[in-house]
Amino acid sequence: MLAETTTNATGKKEIFSNKEIHRVLRNVAASYLILNENKFKVIAYQKAADTVEHLTRELHDIWQEGSLKDVPGIGPSIGSHIDEYFRTGRSSHFEKVFKGIPPSVFALMKVPTIGPKTAFKLAQELHISYPKKAVEKLEEAAKKGRIRSIPTFGEKSEGEIIQAIEAYKKGGMQMERMVLPYAHERAVHLMDYLKKNPLIKRIDALGSMRRMVSTIGDIDIAAVITDETKSSEVIHYFTQYEGTTRIDNAGEAKASIIVPPHIRVDLRIQSESTYGTMLQYFTGSKAHNIKLRDYANKIGFSISEYGVKPTRKFKNSNYKKYSFNRNKEMFEFSNEETLYEFLGLPFIPPEIREGTNEIDLAKKNGLPLLVELKDIRGDFHIHSSYDISTSHDVGKNTYKEIFQNADTLGYEYVGFADHNPKTSGSTSEDITAIMKKRKADIEKQLSSLKQTELHYFIGLEVDILTSGELALPAGALEYVDYLIVSVHSVFSMDVEQMTKRILKALSFPKVKILGHPTGRLLTKRNGYKFDWNQICKEAVERNIGIEINAWPERLDASDSMVRSGIEKGVQFFINTDAHANEQMGNMLYGVEVARRGWASKSDIINTLSYKKVKEWLECC
DNA sequence: GCCGTTTTCGGCCCGACTGTTTTCAGTCG
């Protein structure tokens with residue numbers, strides 16, 4: 001049960017990471033379930049595991065502050081076991097629980113459709129005890145027909161297990177999720193297909209896509225149909241979608257299919273009069289739904305995707321304006337706004353429905369007014385086609401074309417941020433001369449344009465060298481209004497070195513933006529490791545904005561970094577990093593990261609007016 | 001085992017689908 005002792009982004013031992021604690025708690029819950037412990041004890045451990053999984057801070061840090069008891073779902077008992085675990089690297093209690101469970105059980109549980117009980121039974125009956133080759137051994141047994149003879153299993157479930165293992169092996173090889181725009185494209189294609197069916201009246205993509213999560217694991221679609229008696233026709237039509245590789249399940253009200261490359265698509269069908277509760281339910285997140293339903297229970301109502309049932313006597317007069325279905329004895333909602341209102345809550349934007357503390361704050365009317373795309377008044381990170389002999393990619397469009405496009409987008413200002421000229425083979429004087437000429441050329445190119453309300457800034461995206469020095473001579477600073485500094489090479493430094501490197505880069509004059517601060521490429525490359533808290537502190541002190549890079553594969557700072565940054569007083573820029581005019585439209589994705597990070601307009605610097613933003617850049 | 005818009009005791013989100021069963025347990029979202 002001890003994991004490898006590597007260090008993670010915050011410098012903590014890996015066995016103390018949230019990921020590891022989450023795994024241990026999850027396994028305790030599974031073990032209790034297998035051991036037929038009190039089911040609410042099982043739920044308690046699952047809840048604690050969920051909380052740790054979604055924590056935006058390291059539990060180990062919280063423990064060091066002595067605040068474990070403030071973490072929801074962690075009470076005196078679980079808290080004391082975690083305390084022991086953090087102090088000694090093990091927990092005698094957890095070890096005792098695991099004693100009766102073969103370790104193979106947790107390995108088998110990774111296969112879809114195999115839960116704790118099934119895994120335990122299979123491990124026992126087939127004598128599989130070691131985790132390493134557990135799945136392999138199960139597959140072998142299934143293919144030899146040894147599962148069908150186990151009580152409560154049959155030929156069909158044996159076949160299911162073989163299929164599930166195949167899916168697991170495929171999934172294991174490409175665990176990556178889809179980036180949001182790609183998932184969106186897939187969803188649109190599917191919805192276009194569904195819309196061709198005349199029975200479908202309304203259709204929406206919900207789940208993580210509606211919450212605008214940066215990467216999407218599966219696609220959730222809800223539909224209203226015109227004739228409720230014909231839902232199975234629509235379900236059948238759905239399962240016939242071109243390229244469907246597998247029908248996972250298909251009933252009267254919902255179905256799931258798998259489409260290439262291993263994307264799960266869930267469809268739910270519902271009547272129009274109750275569609276509001278369906279929107280709410282299917283948008284999730286699961287954690288938000290559990291908390292919302294829990295809250296509703298406390299005020300005397302039980303929520304499902306079909307409506308809201310009173311669980312005790314209620315004052316009719318308070319709820320007169322809402323639609324009550326006498327047959328089903330429940331309130332019905334055709335839209336979400338009314339549902340939240342009914343519960344005494346303001347509308348909670350889908351982006352923040354993650355089950356953190358949004359419901360508590362909503363009760364107190366304490367939710368922030370989230371930033372919107374229309375609040376954005378400019379973009380500071382755009383690459384042009386202008387040749388300053390950089391060693392990175394240049395953009396596709398001229399300054400003039402970028403400027404005109406920014407005008408079309410209704411911006412008040414635009415910032416040109418080409419990559420710095422390459423430093424090898426040229427002297428500081430050469431580079432300074434290039435920068436001087438660039439400034440003159442920009443001014444010349446844009447002077448011929450007719451008067452607009454649009455202003456421009458001359459910026460530059462400069463590499464942070466491994467030493468933390470900038471790849472730009474001091475003499476060149478005269479020819480820029482601001483610098484974005486970014487790490488573009490040597491990602492594999494340890495936390496301490498990388499933090500030092502970035503801190504040093506932030507100390508140079510005219511540095512106003514820390515660009516794509518993790519260097520990650522979603523689904524492809526993890527970011528480099530550094531101390532986020534220290535960088536935030538420095539950024540606040542030096543009046544430097546941290547970038548939310550709207551490039552769909554970057555989207556960093558991430559939503560959780562944004563939220564923690566805001567708590568520390570950090571201000572952010574949302575920039576597209578566009579290398580072509582059409583990419584300037586990616587701004588929406590950056591705004592969505594900000595919204596998921598609970599950012600309001602005042603947290604985002606490029607929502608300021610031209611005058612204010614100019615002052616901001618010139619300040620300090 | 002956790003927790004408080006009814007509570008320090010008595011609740012704990014809710015429903016669909018599947019396979020192996022004759023009424024339900026397990027899994028999933």
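Keep in mind it's a predicted model, so treat the numbers as computed, not measured. Proteins get letters first, then strands, A, B, ... in listed order; numbering begins at 1 in each.
For A:Thr113, no side-chain nitrogen or oxygen approaches OP1 or OP2 of B:dT18 to under 4.0 Å. For B:dC13, the OP1/OP2 oxygens have a side-chain nitrogen or oxygen of A:Lys47 closer than 4.0 Å. Using a 4.0 Å cut-off, no side-chain N or O of A:Arg293 falls inside it from OP1 or OP2 of B:dG15. Dashed line: the shortest gap from a side-chain N or O of A:Ser302 to OP1 or OP2 of B:dC14 is under 4.0 Å.
Among the heavy atoms of the strands lying under 4.0 Å from A:Pro76 are primed sugar atoms or P, OP1, OP2 only; no base atom is included. If you check every strand for non-hydrogen atoms under 4.0 Å, A:Ala296 touches nothing. Using a 4.0 Å heavy-atom distance criterion, A:Ile303 is classed as a sugar-phosphate-only contact. If you check every strand for non-hydrogen atoms under 4.0 Å, A:Arg264 touches sugar and phosphate atoms only.
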**OP:** Go through the steps for A:Thr229 and A:Asp227 under the test side-chain hydrogen bond (donor to acceptor under 3.5 Å, both in side chains), then give the verdict.
**Re:** CA-CA 6 Å; A:Thr229 62; A:Asp227 183 347; 2.6 Å; yes
**OP:** For the pair A:Phe98 and A:Phe106, evaluate ring pair (Phe, Tyr, Trp, His ring centres under 6.0 Å) and give the outcome as yes or no after the intermediate values.
**Re:** CA-CA 10 Å; A:Phe98 294 141; A:Phe106 306 119; 5.6 Å; yes
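Both A:Glu158 and A:Lys364 lie near DNA chain B, and the one whose nearest nucleotide falls closer to the 5' end is A:Lys364. Take the nearest nucleotide of DNA chain B for A:Phe40 and for A:Pro72: the residue whose nucleotide is more 5' is A:Pro72.
A:Ile34 has its CD1 atom 12 Å from the C1' atom of B:dG26, to the nearest Å. Distance A:Asp248 CG to B:dT18 C1': 11 Å, rounded to the nearest Å. Separating the CG atom of A:Leu33 from the C1' atom of B:dG26 is a distance of 9 Å, rounded to the nearest angstrom. Atoms CG (A:Leu267) and P (B:dG15) sit 20 Å apart, rounded to a whole Å.
A distance of about 28 Å separates the C1' atoms of B:dC14 and B:dT8, rounded to the whole Å. The separation of B:dT7 from B:dC12, taken at their C1' atoms, amounts to 13 Å, rounded to a whole angstrom. Between B:dT27 and B:dT20, the distance separating the two P atoms is 14 Å to the nearest Å. Taking the C1' atom of each, B:dT5 and B:dG11 are spaced 15 Å apart, rounded to whole Å. B:dC13 sits 16 Å from B:dC3 when the C1' atoms are compared, rounded to a whole Å. Here the separation of B:dG26 from B:dT21, taken at their C1' atoms, is 13 Å to the nearest Å.
Which of B:dC14, B:dC13, B:dG26 sits closest to the side chain of A:Ile290 comes down to B:dC13. The A:Tyr281 side chain lies nearest to B:dG29 when the options are B:dC2, B:dG1, B:dG29. Taking the side chain of A:Lys156 as heavy atoms from C-beta on, and the options B:dG19, B:dC13, B:dG15, the nearest nucleotide is B:dG19. Side chain of A:Ser77, nearest nucleotide from B:dG1, B:dT27, B:dG29: B:dG1. The A:Tyr306 side chain lies nearest to B:dG15 when the options are B:dG15, B:dG1, B:dG19. Closest to the side chain of A:Ala253, out of B:dC14, B:dA16, B:dG29, is B:dA16. Distance from the side chain of A:Lys117 is smallest for B:dT27 among the nucleotides B:dG1, B:dT27, B:dT5. Of the candidate nucleotides B:dC17, B:dG29, B:dG1, B:dC17 has the atom nearest to the side chain of A:Asn249. Out of B:dC28, B:dT5, B:dT27, the shortest distance to the side chain of A:Pro112 is found at B:dC28. Here the nucleotide nearest the side chain of A:Lys363, chosen from B:dC2, B:dT5, B:dC28, is B:dT5.
In this structure, a donor-acceptor pair under 3.5 Å is present between the side chains of A:Glu358 and A:His288. Side chain to side chain, A:Thr356 and A:Arg563 meet the donor-acceptor criterion of an N or O pair below 3.5 Å. Of the N and O atoms on the side chains of A:Glu341 and A:Tyr322, at least one donor lies less than 3.5 Å from an acceptor on the other residue.
A 4.5 Å side-chain heavy-atom check between A:Leu33 and A:Pro116 finds at least one atom pair inside the cut-off.
Both distances falling under 3.5 Å, in either a Watson-Crick or a G-U wobble arrangement, place B:dT18 opposite B:dA25.
Atoms CG and CE, from A:Asp204 and A:Met278 in turn, are 11.0 Å apart once rounded to the nearest 0.5 Å.
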